Colleague: 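Here's a structure for you.
Just follow the structure's listing: the first ligand is 1, and inside any ligand the first atom is 1. Only a predicted model underlies this, so the values are computations on that prediction, with no experimental measurement involved. For the single chain, residues carry numbers from 1 onward in sequence order.
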Amino acid sequence: MRARGLPDPSATLPEADFLFTELSGYLKPEDISELQNAYLFSQSAHSGQFRKSGEPYISHPLAVAGILGRLRLDPQTLTAALLHDVMEDTHVSKAEINDRFGKAVADLVDGVSKLDKIEFQTHADAQAENFRKMLLAMARDVRVILIKLADRLHNMRTLEAMRPEKRRRIARETMEIYAPIANRLGLNSIYQELQELSFRYLFPTRYRVLTNATKAARGNRREVVTKILDSIKQRLQAAGLDAEVTGREKQLYSIYKKMAEKHLTFSEVLDIYGFRVIVKDVPSCYIALGALHSLYNPIPGKFKDYIAIPKANGYQSLHNTLWGPYGTPIEVQIRTADMHRIAEAGVASHWLYKSTDADLNDLHMKTHQWLQSLLETLSDSTDSLEFLEHLKVDLFPGEVYVFTPQGKILALPKDATAVDFAYAVHTDIGDCCVAAKINGENAPLRTPLRSGDRVEIVTASHAKPNPAWLNYVVTGKARSHIRRFLKTMQYEESAKLGERLLHQALMSLKIDPQTINEAQWEKLARESGAKSKKDLLADMGLGMHLPAVIARRLASPGESASGANGGNGVITILGTEGMAVQFAKCCRPIPGDSIVGFIKKDQGLVIHIHDCPAISKNRGNSEHWLDVAWGKGIARHFEVSIKTMVANQRGVLARVAAAIAEAGSNIDNVAMEGDGAYTTMNFMLQIRNRYHLAQVMRSLRRIPEVAKITRMKG
Ligand code: MN
């Protein structure tokens with residue numbers, strides 16, 4: 001029940017009627033009725049919500065649609081503008097918008113809602129630039145940015161209702177982020193208004209002083225402006241030009257900036273008069289310029305031809321400063337009507353609604369047109385290079401922008417992963433990363449990052465780079481650090497292993513390694529093509545040279561590599577050799593298994609279970625085989641593959657997993673097959689040794705559904 005006397009909340013606001021009347025000036029009746037549907041939908045979703053100013057909430061989306069309607073944007077953008085806050089502030093889902101208003105509108109509303117969620121935290125200049133890029137990269141559809149800018153513009157217009165503290169924060173963000181984006185996209189009128197409003201709330205006193213000063217000066221100025229305006233009009237008419245001439249009021253913020261940057265007084269800045277001349281085509285621009293030069297003398301060094309060389313955002317005009325009557329400078333801008341439209345609306349001018357344009361109504365086509373029209377006007381200049389650079393970053397995002405936990409923004413190439421992020425933060429973090437949290441959720445290190453993600457890296461002091469990372473990192477920094485690390489690690493570890501292998505071979509020849517002097521080492525290294533003793537040891541560890549052969553050469557210099565392998569010593573495997581010792585993936589040996597070692601070229605020593613079927617065919621190659629044995633007290637875990645057959649019962653996997661955990665093992669991976677009475681579960685488990693494995697199997701056998709357990713070897 002409504003209280004008596006209050007307006008009906010479902011009644012259409014007068015502003016809405018006004019907007020629809022205005023829009024019917026360029027939209028078809030069916031578009032208008034679709035917009036009315038969106039309006040009613042949004043109004044009922046927001047019913048009961050009010051703005052800080054006390055107005056019903058719907059007045060805000062309505063005003064945002066109004067701003068975009070004045071830019072003559074297409075119906076999808078306007079529909080999305082009416083709905084832009086319903087996902088954030090009410091319980092309407094994207095799916096519902098999709099059902100009622102189509103995918104394009106739903107995507108736009110979703111895009112705006114996503115931008116609303118990210119927050120700008122630090123205020124360093126470089127960060128502001130990254131934040132702007134992030135917004136642009138996230139938006140994907142330029143129209144999302146247009147809606148966001150219109151949204152911000154209306155919020156700025158109604159900022160008075162906020163607390164002073166919040167006003168300043170929003171004004172600052174607008175000045176640093178949104179106004180530059182509007183400028184970049186060439187939305188001049190929105191850019192200037194955002195700047196003016198930000199200035200007003202950021203520096204209220206300066207704003208008030210300047211407002212009063214300009215008001216006071218306006219009286220004197222009017223006479224001068226009228227006189228100059230009349231002279232310009234007459235001269236252009238005499239030159240046969242049909243031109244529209246207007247005097248330009250200076251923005252307060254631009255007066256303020258000129259005073260501050262050029263150290264001018266208020267009257268020095270204000271004494272510059274601005275005029276704009278709009279003509280029908282490009283040749284007329286230059287004719288008009290010539291005509292004005294015959295009226296007032298140009299001031300040297302002030303002429304800028306932005307027609308031949310447009311600004312990065314597509315802006316085109318001729319700019320010049322002339323000496324006016326009374327010796328006051330006059331700034332003139334000369335442009336065609338088309339250029340004027342682009343100057344005021346920028347990228348939005350290419351989203352102009354045309355009723356015949358229905359088929360072209362897709363983003364890529366329109367963005368392409370916009371870029372095309374800009375590219376066509378480019379000439380060879382340094383400006384154009386800079387322009388292309390901006391374009392690449394802003395509209396074809398080859399980059400992603402992500403937050404560190406401290407709110408700093410990092411720019412990374414597209415498809416960059418958490419590992420790339422870790423290396424971008426710091427080499428040490430990259431080298432020690434073990435896991436990542438993306439937006440607060442655990443995520444694999446290989447996860448590709450998306451703009452706006454908040455990334456946190458979990459490190460461990462003992463962690464080392466993993467060769468597998470090379471499969472997915474995309475930054476040069478990450479790649480080169482991982483490579484360098486692996487190379488040094490492998491070298492050190494291989495040299496250590498090589499030394500142990502050689503000692504064992506020497507011992508089996510009854511030679512004490514200590515008795516070999518440096519000269520012998522050097523000679524041997526040279527003969528083997530290695531640079532140093534350490535290189536030679538590393539080569540041995542990598543399997544490039546066989547220890548038995550090298551040992552015999554040391555025993556009897558000059559002797560060729562022949563004779564029987566006298567090795568009867570045993571190499572002890574500790575499990576801490578790193579990359580120099582590998583445990584074969586075919587049989588996955590664990591401490592307690594009887595094992596053999598195979599020296600494989602480029603890989604070092606590979607450990608197999610003695611009866612591994614994969615090695616039987618290579619056993620004849622005796623110089624490559626070494627006797628190895630497990631050391632004592634090995635603390636690390638090894639991977640073991642186990643196959644279990646279980647009766648299909650509800651919850652059986654959970655019971656199996658619990659039994660494994662109870663026995664102190666972790667499951668790395670599980671694969672299941674079969675859907676009849678029995679299921680085969682293949683587990684990859686973390687196991688310390690054979691005794692531990694027996695415990696796990698015993699624990700599994702206690703489950704009634706488990707019919708069979710096998711350890712997989714080969
Ligand atoms: Mn809003």
Side-chain angles (χ1 to χ4, degrees), residues 9 13 15-16 19 23 35 38-71 73 75-94 96-97 101 104-120 131-132 134-136 138-163 166-167 169-179 181-182 185 187 189-191 193-194 197-198 201 348 452:
L13 290 187
E15 297 98 294
L19 174 69
L23 293 180
L35 279 168
Y39 167 73
L40 292 173
F41 179 82
S42 182
Q43 185 181 41
S44 86
H46 286 297
S47 77
Q49 296 176 346
F50 294 89
R51 304 205 85 212
K52 272 265 151 49
S53 60
E55 286 177 289
Y57 196 87
I58 186 66
S59 65
H60 166 64
L62 205 50
V64 173
I67 291 168
L68 295 167
R70 244 142 275 144
L71 291 172
L73 289 178
Q76 286 174 351
T77 311
L78 298 179
T79 308
L82 287 170
L83 301 170
H84 82 268
D85 277 331
V86 298
M87 277 174 65
E88 272 296 271
D89 299 347
T90 75
H91 293 299
V92 176
S93 68
K94 183 178 179 187
E96 192 173 355
I97 299 176
F101 303 101
V105 171
D107 283 343
L108 290 172
V109 176
D110 189 40
V112 177
S113 305
K114 283 208 178 93
L115 293 192
D116 285 341
K117 284 203 189 86
I118 61 174
E119 228 176 276
F120 180 61
F131 194 81
R132 292 193 287 266
M134 170 151 67
L135 289 180
L136 291 171
M138 279 181 76
R140 268 176 280 155
D141 189 329
V142 184
R143 292 179 297 175
V144 169
I145 292 286
L146 297 179
I147 297 170
K148 185 67 204 161
L149 289 171
D151 175 48
R152 180 49 65 114
L153 181 56
H154 184 247
N155 286 336
M156 286 299 292
R157 283 178 184 170
T158 53
L159 203 57
E160 196 66 60
M162 296 286 175
R163 284 175 288 112
K166 197 166 181 190
R167 274 186 228 161
R169 186 181 68 72
I170 294 177
R172 187 189 184 106
E173 190 182 79
T174 304
M175 188 67 108
E176 289 180 347
I177 306 296
Y178 292 98
I181 288 179
L185 297 178
L187 298 148
S189 53
I190 290 183
Y191 166 57
E193 194 179 342
L194 286 176
L197 288 164
S198 306
Y201 291 107

Colleague: Would one find more than 12 heavy atoms of other residues, nucleotides or ligands at under 6.0 Å from atom NZ of Lys166?
Modeller: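 Check fails, neighbour count at 12 or below.
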Colleague: In total, how many protein N/O/S atoms does one find closer than 2.8 Å to the Mn ion (ligand 1)?
Modeller: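 For the Mn ion (ligand 1), protein nitrogen, oxygen or sulfur atoms under 2.8 Å: 4.
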Colleague: Check whether any side-chain N or O of Ser42 sits under 3.5 Å from a backbone N or O of Ala38 as a donor-acceptor pair, and report yes or no.
Modeller: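 Not confirmed, Ser42 side chain does not pair with Ala38 backbone.
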Colleague: With sequence neighbours excluded, what pairs up with Thr174 under the side chain to side chain donor-acceptor pair (under 3.5 Å) test?
Modeller: Arg152
Colleague: Tell me if a side-chain donor or acceptor on Ser59 pairs with a main-chain N or O of Pro56 at a distance below 3.5 Å.
Modeller: yes
Colleague: Ignoring hydrogens and geometry, is there a side-chain-to-backbone donor-acceptor pair from Gln76 to Leu108 under 3.5 Å?
Modeller: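 Answer holds: no.
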Colleague: If you round to the nearest 0.5 Å, how far is CG of Leu78 from CG of Leu71?
Modeller: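 These two atoms lie 9.5 Å from each other.
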